[in-house]
Novice: 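One structure coming up, written as structure tokens, with questions to follow.
Given the structure is predicted, the values throughout are model-derived calculations rather than measurements. Per chain, numbering begins at 1; letters A, B, ... match sequence-line order.
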Amino acid sequence: MIRDARVLRAGFVPREVEHRDAEVNHLSSVLEPITNGEPADTAIVTGPSGTGKTCISQFVTERLREEVLDVETTYVNCWRNYTRFRTLYQILDDIGATIDIHRQSTPHDELVDRLQQHDGLRTVVILDEVDQLEDPSLIYDLHSLPQFAIICIANKEEDLFGRVDDRLVSRLRSSEHVRMDKYRDKQIYDILSARSKWGLDENVITDDQLYQIADAAAGDARLAIGILRTAASTADRENHDRITDEILRDAAEDARAQIRQKSLDSLTPHQRAVYDIVRDHGPVGPSEIHDRYLEKVDDPRTKRTVRTYLSKMTQYNLVKSEGTSRDRQYALLTGTTQSPAK
DNA sequence: AGTCCACAGGAACTCAGGGTAG
DNA sequence: CTACCCTGAGTTCCTGTGGACT
């Protein structure tokens with residue numbers, strides 16, 4: 001059934017990227033100066049989730065590493081490392097400059113200094129989900145250092161520009177910008193087809209089923225591959241020699257549920273309590289949420305903190321908010337594409 | 001039109017936890 | 001061991017917005 005599980009995993013970077021030639025070439029050309037030992041411009045990659053932003057960024061930097069000897073690359077997911085400290089630490093860790101840095105008692109500035117003094121190899125830093133960064137000034141820190149080339153990945157351009165200050169906006173506006181659109185069903189089909197050829201035995205899944213997945217994923221390649229993976233592993237576990245339509249139907253549900261569960265697991269008990277209220281009573285306004293929350297937990301947090309929770313969960317696509325001011329309502333976000341980032 | 005109220009989210013602050021230097 | 005430092009979560013305070021009510 002499953003020949004090579006790696007190609008079905010979420011972070012897998014394929015040897016060839018389907019349907020993204022223009023974007024790959026564009027991004028490569030931005031990093032081009034590095035092949036001559038010169039500093040490269042900052043690149044911004046935007047597009048909805050599952051359009052291959054992370055994939056092409058890693059693909060292009062991998063290829064750069066094959067071409068050029070003295071270049072390092074590092075990948076930071078800013079959603080998981082959302083504070084300035086953690087992001088900086090992660091970068092330093094990757095370039096091997098954290099030996100004597102201790103987690104709690106080192107000031108931010110010390111980390112920036114450390115980066116400044118880093119005169120080793122030129123380094124391409126991929127900042128994924130950069131719009132999740134709580135303090136975007138980090139981009140500025142890196143931007144001013146010539147030995148680092150930055151690839152900023154964000155879902156929406158506005159989310160990125162809306163939160164940084166003016167001087168950085170003007171600099172970023174002049175950066176090279178790679179925009180990615182949602183895949184069409186045919187393109188998703190091609191991606192799935194390539195993956196199943198490498199990852200699965202022959203005749204495990206039909207073309208028609210691949211199109212069903214493409215349809216269910218609505219342009220989101222990550223979700224599509226997730227559905228394929230889930231379906232394949234279910235079929236494998238249950239000793240089928242091919243993927244049935246029933247398995248496929250369930251897999252589409254499961255794949256979405258898994259993505260949601262991942263976000264859910266990152267919530268604190270208090271945040272979870274707020275989420276449960278929205279789930280059980282939504283759509284619901286902020287005051288009712290807080291009233292119910294007060295009933296429900298010991299040692300409740302303040303309204304302001306609950307608002308922070310709600311906005312965080314909105315970012316994670318766990319809940320959605322509708323309306324402004326008085327008629328603001330929160331409800332669970334279900335159905336369409338779920339992803340950790342907005 | 002003016003007032004009121006609920007709400008969003010920024011800024012500054014406090015506090016606890018984990019760490020260091022001496 | 002003690003005095004001190006840093007971070008990060010949460011709180012307090014505050015400003016801006018927009019609908020509802022008079």
Side-chain angles (χ1 to χ4, degrees), chain A residues 76-93 97-117 129-142 154-156 158-169 263-278 281-333 340-342:
Chain A
V76 185
N77 186 320
C78 302
W79 185 59
R80 298 241 166 263
N81 302 279
Y82 52 89
T83 67
R84 193 166 170 230
F85 185 94
R86 283 188 210 169
T87 311
L88 285 167
Y89 187 89
Q90 173 86 52
I91 296 168
L92 284 165
D93 204 33
T98 42
I99 316 109
D100 55 342
I101 289 183
H102 304 284
R103 273 203 61 71
Q104 289 301 321
S105 62
T106 310
H108 281 158
D109 293 348
E110 169 84 27
L111 299 194
V112 180
D113 283 350
R114 195 67 69 99
L115 280 177
Q116 255 154 11
Q117 284 155 21
E129 310 202 37
V130 73
D131 48 336
Q132 299 293 315
L133 224 45
E134 70 178 11
D135 181 5
S137 69
L138 165 77
I139 306 170
Y140 196 82
D141 296 334
L142 285 171
N155 283 51
K156 284 190 194 150
E158 311 91 81
D159 294 343
L160 176 57
F161 286 137
R163 301 182 47 241
V164 302
D165 66 9
D166 294 345
R167 54 184 186 158
L168 187 52
V169 167
S263 304
L264 235 36
D265 288 344
S266 70
L267 300 180
T268 66
H270 281 276
Q271 292 167 341
R272 186 55 200 253
V274 173
Y275 173 84
D276 287 346
I277 290 164
V278 176
H281 302 97
V284 56
S287 12
E288 191 185 338
I289 291 176
H290 193 249
D291 288 347
R292 287 186 185 279
Y293 166 77
L294 289 180
E295 296 273 309
K296 201 165 165 178
V297 300
D298 304 326
D299 185 27
R301 307 286 185 259
T302 60
K303 277 187 172 182
R304 177 68 186 86
T305 304
V306 171
R307 279 209 294 278
T308 306
Y309 290 168
L310 285 167
S311 93
K312 195 173 173 181
M313 286 189 260
T314 310
Q315 288 228 309
Y316 288 6
N317 270 341
L318 287 170
V319 304
K320 65 179 176 210
S321 62
E322 253 169 12
T324 53
S325 194
R326 284 290 178 83
D327 48 352
R328 184 87 163 188
Q329 297 268 289
Y330 288 91
L332 232 56
L333 190 64
K342 195 168 7 162

Novice: Can you measure A:Q315 atom CD to B:dG9 atom C1' for me and round it to whole angstrom units?
Specialist: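 Rounded to whole Å, this separation is 12 Å.
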Novice: Whole angstrom is fine here: how far is it from CG in A:L267 over to P in C:dA9?
Specialist: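 Result: 13 Å.
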Novice: State, with a plain yes or no, whether a side-chain heavy atom of A:V278 is found less than 4.5 Å away from one of A:L318.
Specialist: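 Not touching, per the 4.5 Å side-chain cut-off.
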Novice: What residues, two or more places apart in sequence or in another chain, satisfy side-chain hydrogen bond (donor to acceptor under 3.5 Å, both in side chains) together with A:T302?
Specialist: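 Residues passing side-chain hydrogen bond (donor to acceptor under 3.5 Å, both in side chains) with A:T302: A:T305.
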Novice: Can you name the residues that form a salt bridge (Lys or Arg N to Asp or Glu O under 4.0 Å) with A:R328, not counting sequence neighbours?
Specialist: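 Expected list: none.
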Novice: Using whole Å, what does the distance between atom P of nucleotide B:dG9 and atom CG of A:L310 come to?
Specialist: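 Atom CG in A:L310 sits about 10 Å away from atom P in B:dG9.
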Novice: Just jot down the salt bridge (Lys or Arg N to Asp or Glu O under 4.0 Å) partners of A:R292, sequence neighbours excluded, or say none.
Specialist: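 By the salt bridge (Lys or Arg N to Asp or Glu O under 4.0 Å) rule, A:R292 matches A:E288.
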Novice: Return the set of residues passing side-chain hydrogen bond (donor to acceptor under 3.5 Å, both in side chains) with A:S266 (not counting sequence neighbours), or none when no residue passes.
Specialist: none
Novice: Quick one: salt bridge (Lys or Arg N to Asp or Glu O under 4.0 Å) partners of A:D276, sequence neighbours excluded?
Specialist: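 Salt bridge (Lys or Arg N to Asp or Glu O under 4.0 Å) check on A:D276 returns A:R272, A:R279.
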Novice: Mind jotting down which residue pairs meet the salt bridge (charged side-chain N to carboxylate O under 4.0 Å, His left out) criterion with at least one end in residues 296-309 of chain A? Sequence neighbours excluded, please.
Specialist: A:D299-A:R301
Novice: Using atom CD of A:E322 as one end and atom P of B:dC7 as the other, report the distance to the nearest whole Å.
Specialist: 16 Å
Novice: Take nucleotides 10-16 of chain C nucleotide by nucleotide from the 5' end and write B, S or -, depending on whether a protein heavy atom sits under 4.0 Å from the base, only from the sugar-phosphate, or from neither.
Specialist: SBBB---
Novice: How close or far is atom P of B:dG9 from atom NE2 of A:H290, stated in whole angstroms?
Specialist: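 It is 16 Å, rounded to the nearest whole Å.
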Novice: For A:D327, what residues pass the side-chain hydrogen bond (donor to acceptor under 3.5 Å, both in side chains) criterion, not counting sequence neighbours?
Specialist: none
Novice: Atom pairs under 3.5 Å, N or O on each side, protein against nucleotides 3-6 of chain B: can you list them with distances?
Specialist:
from: B:dC5; atom 1: O4'; to: A:R326; atom 2: NH2; distance (Å): 3.1
from: B:dC5; atom 1: O2; to: A:R326; atom 2: NH2; distance (Å): 3.2
from: B:dA6; atom 1: O4'; to: A:R326; atom 2: NE; distance (Å): 2.8

Novice: Taking side chain to side chain contact (heavy atoms under 4.5 Å, CB included) as the test, write out the residues that go with A:Q90, two or more places apart.
Specialist: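 Side chain to side chain contact (heavy atoms under 4.5 Å, CB included) check on A:Q90 returns A:V76, A:N81, A:D94.
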Novice: Given atom NZ of A:K312 and atom P of C:dA9, what is their separation to the nearest angstrom?
Specialist: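 Computing the A:K312:NZ to C:dA9:P distance gives 7 Å.
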Novice: Taking Watson-Crick (N1-N3 plus N6-O4 or O6-N4) and G-U wobble (N1-O2, O6-N3), each under 3.5 Å, can you produce the dot-bracket string of DNA chain B? Use [ ] for crossing pairs and | for inter-strand ones.
Specialist: ||||||||||||||||||||||
Novice: So, using side-chain hydrogen bond (donor to acceptor under 3.5 Å, both in side chains) as the criterion, who are the partners of A:Y309 when residues are at least two apart?
Specialist: none
